[in-house]
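All ligand and atom numbering here is 1-based and tracks the order in the structure. All values reported here derive from a predicted model rather than from experimental measurement.
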Amino acid sequence: MPAFPEIDKITYEGPNSKNPLAYRWYNEDEVIEGKSMKDHLRFSVVYWHTFRGNGSDPFGMGTMIRPWEDGTDSVENAQNRARVAFEFMEKLGAPYYAFHDRDVAPEGNSLSETNANFDAVVKVLKEEQERSGIKLLWGTANMFSNPRFMHGASTSCNADAFAFAAAQVKKCLEVTKELGGQNYVFWGGREGYQCLFNTDMQRELDHMGRFMNLAVDYANEIGFDGTFLIEPKPKEPTKHQYDSDAAACINFLRAYGLTERFKLNIETNHATLAGHTMMHELDYTGHQGLLGSIDANTGDLMLGWDTDQFPTNFYLTTEIMLMLLKYGGVAPGGVNFDAKVRRESFEPMDLFHAHVGGMDAFARGLRIAASMRADGELENFVKQRYASWDTGIGAEIESGTADFKALETYMLDKGEIEANQSGRQEMLEHLVNRYL
Ligand code: XUL
Ligand code: CO
């Protein structure tokens, strides 16, 4: 019995369609800048919000109606849910998905029982992947929900928590490899602190560095060659997370010799919690050569926490797609909807509305970004703005031939700098609006 009998496969109907369950902009086979929209966007559905989110919040219980759930935490229920997830993703036309180990299968009374539960559901995931052609974008281990990780996982003061986390990641790497996962993500759930008076920061960071190196060693041992991704987030659940933003993560990767195997997974709502825009985080990571994947969502400007809403703002998706195109695309990463429907959007149908809206917003962003790049007006403005670096003293500084003494001689001779020119911010913001 299908879980969504009233929904047919979502199709592209073009910009004039008034059907909310159709794509107006996402035409998966249409080629833009030499690549299909499907290959540019590599959309991915997250298991945790979409199939495990129940709508509970700190003030109230779950609200979601999910007729396929039998209300138990059994392996059978988890296996059935996996089949429902694939029906959903197929009807949506999403080529990838992502999960935490604990989203897909229930924890048992011991680590070995938990691993057996995981295997039993992975069997179904594998069958469904083969049947549908949908692939695993990334796997990750949930090392933040269980109370054993209250002080963190690899950064816990309790060495046993580190050991448990290692066993968990070992298993999850094996499963991710088994399912052909293209990446493996570390989001530092509770890797941070609440209070510096009880924290040995240096020791915790060294342990996290050790943990990541052990993961790379084990991946090499079993022949998992997917990309490792660290996902920056500044706070929540801890008051300070060590992976606070892209710059902090990149410094960590360099300090512990990890840049060969690791890149970053940048999430919009995490960027804004860090006091940056998504565009800033993507530009920073991209020029460092470490842009791996994105978690697509948005926060709420009125709220200061991780609301994980579906992105529908063309301005945001245009900025993101400008960055992805600038840095050569997101593969083998993807556009992963780490987003949840609101508690009030409790019907199964809302899962479709949310994803269709998010995918279409990104497809529109891709189209807008590509036409801006084709016209080249922004790019030319920036190039012109830095023209003083292309010849003369600027070129000498960039190439390393001018030292402080030479620069002093140059300036003493010249007396004053070339007149500055306007940055034209308002003109450019107006220009960008022309494309929206
Ligand atoms: C939490 C978050 C996670 C990661 C995976 O804010 O974004 O869901 O994406 O652990
Ligand atoms: Co995320």
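In this model, a donor atom of one side chain and an acceptor atom of the other lie less than 3.5 Å apart for Glu69 and Asn77. Counting only N and O atoms by type, the side chains of Asn19 and Ser17 include no donor and acceptor under 3.5 Å apart. A donor-acceptor contact closer than 3.5 angstrom is absent between the side chains of Ser156 and Asn158.
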Can you produce the list of protein nitrogen or oxygen atoms under 3.5 Å from a nitrogen or oxygen of ligand 1, alongside each distance?
residue, atom, partner, partner atom, Å
ligand 1, 6 (O), Lys233, NZ, 3.0
ligand 1, 6 (O), His270, NE2, 2.9
ligand 1, 6 (O), Asp306, OD2, 3.0
ligand 1, 7 (O), Glu231, OE2, 2.7
ligand 1, 7 (O), Glu267, OE1, 2.9
ligand 1, 7 (O), His270, NE2, 3.3
ligand 1, 7 (O), Asp338, OD2, 2.7
ligand 1, 8 (O), Trp48, NE1, 3.2
ligand 1, 8 (O), Asp338, OD2, 3.2
ligand 1, 9 (O), Glu231, OE1, 2.8
ligand 1, 9 (O), Glu231, OE2, 2.8
ligand 1, 9 (O), Asp295, OD2, 3.0
ligand 1, 9 (O), Asp338, OD2, 2.9
ligand 1, 10 (O), His100, NE2, 2.7

Inset, instruction - Please assess Arg42 against Tyr96 for the test side chain to side chain donor-acceptor pair (under 3.5 Å), listing each intermediate value before the final yes or no. - result: CA-CA 7 Å; Arg42 297 169 59 84; Tyr96 294 95; 3.0 Å; yes
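For Arg24, there are no salt bridge (Lys or Arg N to Asp or Glu O under 4.0 Å) partners, not counting sequence neighbours.
With His355 as the fixed residue, the ring pair (Phe, Tyr, Trp, His ring centres under 6.0 Å) test singles out one of Tyr97, Phe362, Phe88, Phe43: Phe88.
In this structure, Arg190 forms no cation-pi arrangement with Phe144, as its terminal cationic atom is not both closer than 6.0 Å to the ring centre and no more than 45° off the ring axis.
For Tyr26 and Tyr12, the ring centers are positioned 6.0 Å apart or more.
Counting only distances under 2.8 Å, and ignoring water, the protein N, O or S atoms around the Co ion (ligand 2) are Glu231 OE2, Glu267 OE1, Asp295 OD2, Asp338 OD2.
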Under 3.5 Å, which donor-acceptor pairs link side chains of residues 332-340 to any protein atom two or more places apart or in another chain?
residue, atom, partner, partner atom, Å
Asn336, OD1, Ser44, OG, 2.7
Asn336, ND2, Asp295, OD1, 2.8
Asp338, OD1, Trp48, NE1, 2.9
Asp338, OD1, His49, NE2, 3.0

